[in-house]
Amino acid sequence: MSRIARFLSAFVVYTVIDMAWSLSPPAVAMHARLHEASGNDWSFGKPMDTWGAIEIVALLVFFALISLANSQLAIAPAVRERNLQRAMKNAFVLGCAAYATYSVPIFAAIANWPAALIPIDILTGGLLSLATSTIVTWWALRRQAA
């Protein structure tokens, strides 16, 4: 599987699982509860029906960057070494670091941002990257063995 194919696969997998989580009833309900508990002094996000091109481009850039990072820092080394666990470890650390990079500064900068979201966001980032890199690496290694 080529680098481009791994990147595109990571992009598709990450996008699907991220959107599935973000739009899932448990995630939506959790954010609604945290919003209510904080006194409604912040907003988790804009309704998708109000999005324009800039929101879509920003989201696509994020998905492209996180997919590229997973491809280069987790999937590629694991495929070279033929070691699925390498992808899993690297991807989890990468995802945690990526989500901590936004979650902690938002908490520090936005009044009443729920502290509970920090570990939730960090763990979510780790798990999304873990799932993406595990799926794509498993597939790449399977194709390599065939």
Side-chain angles (χ1 to χ4, degrees), residues 1-80 84-143:
M1 176 184 273
S2 73
R3 289 184 331 180
I4 292 173
R6 288 192 304 256
F7 164 74
L8 292 174
S9 297
F11 183 88
V12 169
V13 171
Y14 197 98
T15 301
V16 168
I17 63 174
D18 182 271
M19 296 303 289
W21 161 249
S22 296
L23 300 173
S24 72
V28 171
M30 175 190 66
H31 287 106
R33 281 191 310 275
L34 289 169
H35 184 256
E36 184 66 32
S38 72
N40 299 315
D41 287 343
W42 60 278
S43 179
F44 180 69
K46 302 177 214 176
M48 288 179 71
D49 61 354
T50 67
W51 286 16
I54 192 70
E55 288 86 0
I56 293 168
V57 168
L59 197 57
L60 290 174
V61 167
F62 166 73
F63 287 140
L65 288 172
I66 196 75
S67 299
L68 181 63
N70 273 286
S71 295
Q72 295 298 311
L73 302 174
I75 299 166
V79 168
R80 271 194 309 275
L84 182 61
Q85 276 101 16
R86 170 73 172 241
M88 296 168 75
K89 290 175 189 175
N90 288 0
F92 185 74
V93 170
L94 168 68
C96 287
Y99 278 57
T101 301
Y102 90 86
S103 187
V104 174
I106 285 175
F107 172 72
I110 296 178
N112 298 321
W113 189 263
L117 270 179
I118 295 171
I120 292 168
D121 283 343
I122 292 170
L123 183 59
T124 298
L127 293 174
L128 292 173
S129 283
L130 170 69
T132 298
S133 291
T134 300
I135 292 166
V136 175
T137 302
W138 174 82
W139 185 44
L141 291 174
R142 188 165 182 226
R143 290 179 49 91

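Side chains included, hydrogens not; waters and symmetry mates left out as well; all remaining heavy atoms used.
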Going through the distances and angles, do I66 and S129 end up as a side-chain contact (heavy atoms from CB on, under 4.5 Å)?
CA-CA 8 Å; I66 196 75; S129 283; 4.2 Å; yes
Let's go through T137 and L84 carefully: what are the C-alpha distance in whole Å and the side-chain angles of both, what is the deciding distance for side-chain contact (heavy atoms from CB on, under 4.5 Å) to 0.1 Å, and is it a yes or a no?
CA-CA 6 Å; T137 302; L84 182 61; 3.8 Å; yes
Residue pair N70, R6: steps toward the side-chain contact (heavy atoms from CB on, under 4.5 Å) verdict
CA-CA 9 Å; N70 273 286; R6 288 192 304 256; over 6 Å; no
Show, in sequence, the C-alpha distance, side-chain angles and deciding distance for W51 and L59, and conclude whether the side-chain contact (heavy atoms from CB on, under 4.5 Å) test is met.
CA-CA 11 Å; W51 286 16; L59 197 57; 3.7 Å; yes
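Exactly one of V16, T132, V136, L60 qualifies for a side-chain contact (heavy atoms from CB on, under 4.5 Å) with F11. That residue is L60.
When every heavy atom of S22 is checked against every heavy atom of V28, the shortest pair comes out as O-CG2, 3.7 Å. W21 and A27 make their closest contact through O-CB, 3.0 Å (heavy atoms, listed as atom of the first residue, atom of the second, distance). Residue L117 comes nearest to M30 through the heavy atom pair CD2-CE, 4.3 Å, listed as atom of the first residue, atom of the second, then distance.
Interatomic distance, CZ of F107 versus CH2 of W113, reported as 11.0 Å (0.5 Å rounding). The line from NE2 of H31 to CD1 of I120 is 7.0 Å long, rounded to the nearest 0.5 Å. Summarising the geometry, atom OG belonging to S24 is positioned 12.0 Å from atom CD1 belonging to I17; distances are rounded to the nearest 0.5 Å. A distance of 13.5 Å separates CD1 in I118 from CG in L123, rounded to the nearest 0.5 Å. Note: L94 CG to L130 CG = 11.0 Å, rounded to the nearest 0.5 Å. In this structure, L34 CG and N112 CG are separated by 12.5 Å, a value rounded to the nearest 0.5 Å.
Between R3 and F7 there is no side-chain heavy-atom pair separated by less than 4.5 Å.
Side-chain atoms of S103 never come within 3.5 Å of backbone atoms of A100 as a donor-acceptor pair (strictly under, hydrogens ignored). Between the side chain of E36 and the main chain of R33, no donor-acceptor pair closer than 3.5 Å is present.
Around atom CG of L23, more than 12 heavy atoms belonging to other residues, nucleotides or ligands sit under 6.0 Å away.
The aromatic rings of Y99 and Y102 stand perpendicular to each other, their planes meeting at an angle above 60°, with 30° marking the opposite boundary.
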